Engineer: 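Below you will find the structure I want to go over with you.
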Amino acid sequence: MAAAQRIVIENCAIATVDAKDTEYASGHLVLAGNRIESLGAGRAPDGLENVVRRIDASGHLVTPGLVNTHHHFYQWITRGLATDHNLFNWLVALYPTWARIDEPMVHAAAQGSLAMMARGGVTTAMDHHYVFPQGSGDLAGAIIRAARDMGVRFTLARGSMDRGEKDGGLPPDFAVETLEGALTATEETVKRHHDSSFDAMTQIAVAPCSPFSVSTELLRQGAELARRLGVRLHTHGSETVEEEKFCHELFGMGPTDYFESTGWLGEDVWMAHCVHMNDSDIAAFARTKTGVAHCPSSNARLAAGIARVPDMLAAGVPVGLGVDGTASNESGELHTELRNALLINRLGAHREAALNARQALRLGTYGGAQVLGRAGQIGSLEPGKLADLVLWRMDTLAHASIADPVTALVLGAAAPVTASFVDGRQIVENGRLLTADEDTIARTTRAEAQRLARIAAQN
């Protein structure tokens, strides 16, 4: 790193979220190229060479960048619909509209979703995209292009559905793929876009949608495909009581046992929601190191229930946070999930002992890196890790009177993002994107939402 250009950040509180939860009341970081070179208490050492920028971060808290582990970008253009439905009724109401999406719509929706997250401190995003209507264009390529242009680190979970209405599923038949078509397209996406390197900006996961929208064969062969290609696996699991009933009626077992029977438990797997998990389910996830994307706002919006996050963490289950699609979480940014993960879990059995502010921050950073399989590169501030970090301003009216900056970040109002770095490159300054024009994105997403609504109304 001796010849790398350096950025020095000083005079800030630092929450490293490392294994010891090391924190500095006033410290420094040195970035060299796309890596964190050093950090510690007090000012940066004298005599550093090739320093191209010094940031006086007085009044700020620096944390690892937030890591989003579950999302559906395309839903940005169907926000605010079916607001009083449970999951199954919500899906039935919205699938006919979603089945009309095309490439320009998906690209615009991805831009909107990514912009909202990035300006709020997300440095690593993921998208579980599973709706591929016939003749809709290169949807996976459109999503990946939007993430690349935004400058965020990204995992595309290439989803699929092959159980349409005629087979007892929820999506319209023309919105699902064949078993062979889904597997072929998924493999092509992995081979074309997946980067397995340490500092990869784009990775791909294999991600059949859910037990009630895919066949058993798609799950089984999808798991085999992912392991043959060396990529991770993602799906929805145990989200609602209706899903649990569906699995018992169709497969004669609960969701976790069904997933295990199809090869879908393991340290290379993470599942969204996992709300309705009994003790044996949690034990199975802990034994196999299967990860969980906890989506508290969406779970509340769809009245799915309260996930047993404290019990999962106590058992050793890797847990990260997810926005989920913005048709069930209209705000679309991850800071809300830090706060709601803490508050909603305190409504459960563990009450005030459920989660604390530092555990919530860990879920949104290191926990997310774990479930995406990237804990060795991101998720904590440590020498040698990638320079993905956020400077949160803590000296304004909203937070200045809260002595503990981590408590202020998690329990306070959404903190202003003064700067956000991904791979050592700044992508946000004073709450505004440096890589895209937010006003243009707002106009484009509104126009595409209106176009989709018109098309859906005609069919």
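All of these numbers come straight from a predicted model, not from anything done at the bench. When reading the values below, keep in mind they use all heavy atoms of this one structure, side chains included, and skip hydrogens, waters and symmetry mates. Numbers here simply count residues along the sequence, with the first being 1.
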Engineer: Over all heavy atoms of both residues, which pair between A304 and V275 is shortest? Give the atoms and the distance, please.
Structural biologist: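 What the structure gives for the nearest pair is O-CG1, 3.6 Å.
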Engineer: Strictly by ring-ring contact (aromatic ring centres under 6.0 Å, His included), give each pair with a member in residues 283-340 just once, sequence neighbours left out.
Structural biologist: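 Of all non-adjacent pairs touching residues 283-340, none passes ring-ring contact (aromatic ring centres under 6.0 Å, His included).
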Engineer: Should the pair H236 and H234 be assigned to parallel (<30°), tilted (30 to 60°) or perpendicular (>60°) ring geometry?
Structural biologist: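 Ring orientation of H236 relative to H234: tilted.
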Engineer: State, yes or no, whether a side-chain contact exists between L363 and V309 at a heavy-atom distance under 4.5 Å.
Structural biologist: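 They are in side-chain contact.
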Engineer: Taking only residues two or more places apart in sequence, or in another chain, which ones meet D21 in a side-chain hydrogen bond (donor to acceptor under 3.5 Å, both in side chains)?
Structural biologist: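 Counting only residues at least two positions away or on another chain, D21 forms a side-chain hydrogen bond (donor to acceptor under 3.5 Å, both in side chains) with R362.
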Engineer: Indicate every side-chain donor-acceptor pair of residues 167-176 with a distance under 3.5 Å to a residue at least two apart or in another chain.
Structural biologist:
from, atom 1, to, atom 2, distance (Å)
D173, OD1, E165, N, 2.8
D173, OD1, K166, N, 3.1

Engineer: So, are D388 and R374 salt-bridged, with charged N and O less than 4.0 Å apart?
Structural biologist: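 Salt bridge between D388 and R374, a charged N being under 4.0 Å from a carboxylate O: no.
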Engineer: If you measure from the Lys or Arg side-chain nitrogens to the Asp or Glu carboxylate oxygens, is any gap between E217 and R220 under 4.0 Å?
Structural biologist: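 Salt bridge present between E217 and R220.
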Engineer: Identify every side-chain donor-acceptor pair in residues 411-425 under 3.5 Å, counting partners at least two apart or on other chains, and give the distances.
Structural biologist:
from, atom 1, to, atom 2, distance (Å)
T418, OG1, H60, NE2, 2.7
D423, OD1, N34, ND2, 3.2
D423, OD1, R153, NH2, 3.0

Engineer: How close do T445 and A108 get, heavy atom to heavy atom, and via which atoms?
Structural biologist: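 Looking at all heavy atoms of both residues, the closest pair is CG2-O, 3.2 Å.
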Engineer: H71 vs F73 aromatic rings, parallel, tilted or perpendicular, using cut-offs 30° and 60°?
Structural biologist: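 Perpendicular: the ring planes of H71 and F73 meet at over 60°.
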Engineer: Test of understanding: with ring-ring contact (aromatic ring centres under 6.0 Å, His included), list the residues that count as partners of F251, not counting sequence neighbours.
Structural biologist: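 F251 satisfies ring-ring contact (aromatic ring centres under 6.0 Å, His included) with Y258 only.
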Engineer: Give the minimum heavy-atom separation between E438 and G431, together with the two atoms involved.
Structural biologist: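 Between these two residues, the closest heavy atoms are OE2-O, 3.9 Å.
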Engineer: Is it true that the side chains of E382 and T16 contain a donor and an acceptor less than 3.5 Å apart?
Structural biologist: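 Side-chain D/A pair, E382 to T16: absent.
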Engineer: Below 4.5 Å, heavy atoms only, C-beta onward: do T186 and P208 meet side chain to side chain?
Structural biologist: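 When only atoms from C-beta onward are counted, P208 and T186 do not touch, as no gap falls below 4.5 Å.
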Engineer: A side-chain contact here means heavy atoms from C-beta on lying under 4.5 Å apart; do H72 and D324 qualify?
Structural biologist: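 SC-SC contact between H72 and D324 confirmed.
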Engineer: Kindly write out the residues that satisfy salt bridge (Lys or Arg N to Asp or Glu O under 4.0 Å) with R228, not counting sequence neighbours, or none if the list is empty.
Structural biologist: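 By the salt bridge (Lys or Arg N to Asp or Glu O under 4.0 Å) rule, R228 matches E187.
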